[in-house]
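Step one of this worksheet: look at the structure below.
What you see below is based on every heavy atom in this structure, not just the backbone, and it leaves out hydrogens, waters and symmetry mates. Here the structure is a predicted model, which is why all the values come from computation and not from measurement.
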Amino acid sequence: MVAAMEAYGTGTEYVLSGDRSGTTRFRFGDDPAMAGDIDGEDGQDGATSFVFLGDEEWIKTNGTWVKGDPDGDAGAVVVASVGKAYRALSDPQVTADIIATSPEWKVDTEKALISLENGEDTNAWRITNTKPFTWNGATMNEYIVWLEDDATPVGAQGTSDTGGAPSTTLQHFYDLGKPVTIEAPE
């Protein structure tokens with residue numbers, strides 16, 4: 001999966017976590033970067049925007065960009081912390097890291113039809129963990145990965161439990177290899 005993502009280099013990802021969703025443009029490889037928008041809990045489009053370039057994070061809420069700094073003022077510390085959490089939800093490398101954590105997987109005998117947010121449909125192999133595993137302090141009860149025949153990732157869905165609070169996050173990857181623009185906010 002990582003080799004496929006590195007070969008494509010760029011793409012777009014849709015994320016749905018709880019009642020929040022968003023779209024992320026990403027650059028994968030030696031110079032990773034991500035930028036996107038997360039819709040608000042009340043359905044407000046683009047309630048929060050973010051840009052991650054290298055180790056730097058910027059988050060825009062209420063019309064103002066704030067650069068993350070773990071040693072900065074309260075707002076900058078929050079942005080640094082939230083930025084790390086957003087990376088965990090949106091970064092394709094994190095998906096690969098989660099997959100590597102489970103020692104055992106099973107592949108369904110038939111492909112699943114996946115409808116992507118760019119309007120395209122694809123048939124992909126559904127691969128699931130065979131038993132719960134722990135990743136980053138969360139118990140992953142079920143983790144599903146969808147891959148095309150050439151190992152191109154189509155998506156992932158994880159159902160986890162952290163401190164008794166269950167949550168499910170869905171990711172779809174599309175427009176792989178198409179150019180994306182990711183720049184630091186002004």
Side-chain angles (χ1 to χ4, degrees), residues 1-2 5-6 8-101 117 133-140 143 153 155-176 178-186:
M1 180 177 157
V2 172
M5 294 300 268
E6 287 176 347
Y8 284 108
T10 60
T12 303
E13 172 188 28
Y14 169 78
V15 176
L16 174 64
S17 185
D19 57 359
R20 300 191 75 172
S21 64
T23 302
T24 302
R25 299 173 314 282
F26 63 88
R27 186 171 58 232
F28 199 71
D30 294 335
D31 186 24
M34 298 184 330
D37 299 293
I38 302 291
D39 293 339
E41 294 177 2
D42 59 0
Q44 181 184 4
D45 290 342
T48 303
S49 299
F50 60 91
V51 175
F52 306 143
L53 285 168
D55 292 334
E56 297 181 327
E57 296 99 5
W58 292 267
I59 295 179
K60 180 180 182 181
T61 55
N62 300 321
T64 303
W65 285 101
V66 176
K67 183 177 181 181
D69 181 353
D71 299 318
D73 65 21
V77 170
V78 169
V79 167
S81 176
V82 170
K84 303 294 185 229
Y86 276 8
R87 286 179 195 255
L89 290 177
S90 301
D91 187 349
Q93 178 61 52
V94 171
T95 302
D97 293 345
I98 292 169
I99 293 167
T101 304
E117 284 66 26
F133 62 96
T134 301
W135 179 80
N136 206 24
T139 299
M140 302 301 291
Y143 201 84
Q157 179 175 304
T159 301
S160 64
D161 189 333
T162 305
S167 67
T168 298
T169 299
L170 169 73
Q171 301 166 279
H172 282 164
F173 304 109
Y174 56 95
D175 292 343
L176 298 176
K178 292 186 178 180
V180 298
T181 301
I182 302 172
E183 298 175 341
E186 296 182 11

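- At least one side-chain heavy atom of Ser21 sits under 4.5 Å from a side-chain heavy atom of Tyr14.
- Looking at residues two or more places apart in sequence or on another chain, you find no side-chain hydrogen bond (donor to acceptor under 3.5 Å, both in side chains) involving Arg25.
- Using a 4.5 Å cut-off on side-chain heavy atoms (C-beta onward), Arg27 and Leu53 make contact.
- Remark: Glu57 CD to Phe52 CZ distance equals 6.0 Å, nearest 0.5 Å.
- Here the side chains of Phe173 and Thr24 are not in contact, with every heavy-atom distance at 4.5 Å or above.
- Between Ser49 and Trp65 there is a side-chain heavy-atom pair separated by less than 4.5 Å.
- Ring-plane geometry between Tyr143 and Phe133 is classed as perpendicular, the angle between the planes exceeding 60 degrees on a 0 to 90 degree scale with a lower cut at 30.
- Of the inter-residue distances, the one linking Glu117 atom CD with Glu13 atom CD reads 10.0 Å to the nearest 0.5 angstrom.
- Atom OG1 of residue Thr10 and atom CG of residue Leu176 lie 7.5 Å apart, to the nearest 0.5 angstrom.
- Summarising the geometry of Ile182 relative to Ala35, their closest heavy-atom pair is CG2-CB, 3.9 Å, with the distance given to 0.1 Å.
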Report the C-alpha separation of Thr101 and Met140 in whole Å, then their side-chain angles, then the decisive distance to 0.1 Å, and conclude whether the side-chain contact (heavy atoms from CB on, under 4.5 Å) test is met.
CA-CA 10 Å; Thr101 304; Met140 302 301 291; over 6 Å; no

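- Nearest heavy atom pair, residue Pro70 against residue Val77, reads O-CG2, 3.5 Å.
- Under the side-chain hydrogen bond (donor to acceptor under 3.5 Å, both in side chains) criterion, Thr168 pairs with Thr159, not counting sequence neighbours.
- Distance NE2/His172 to OH/Tyr174: 10.0 Å, rounded to 0.5 Å.
- Between the CG atom of Leu16 and the CD atom of Gln171 there is a distance of 10.5 Å, given to the nearest 0.5 Å.
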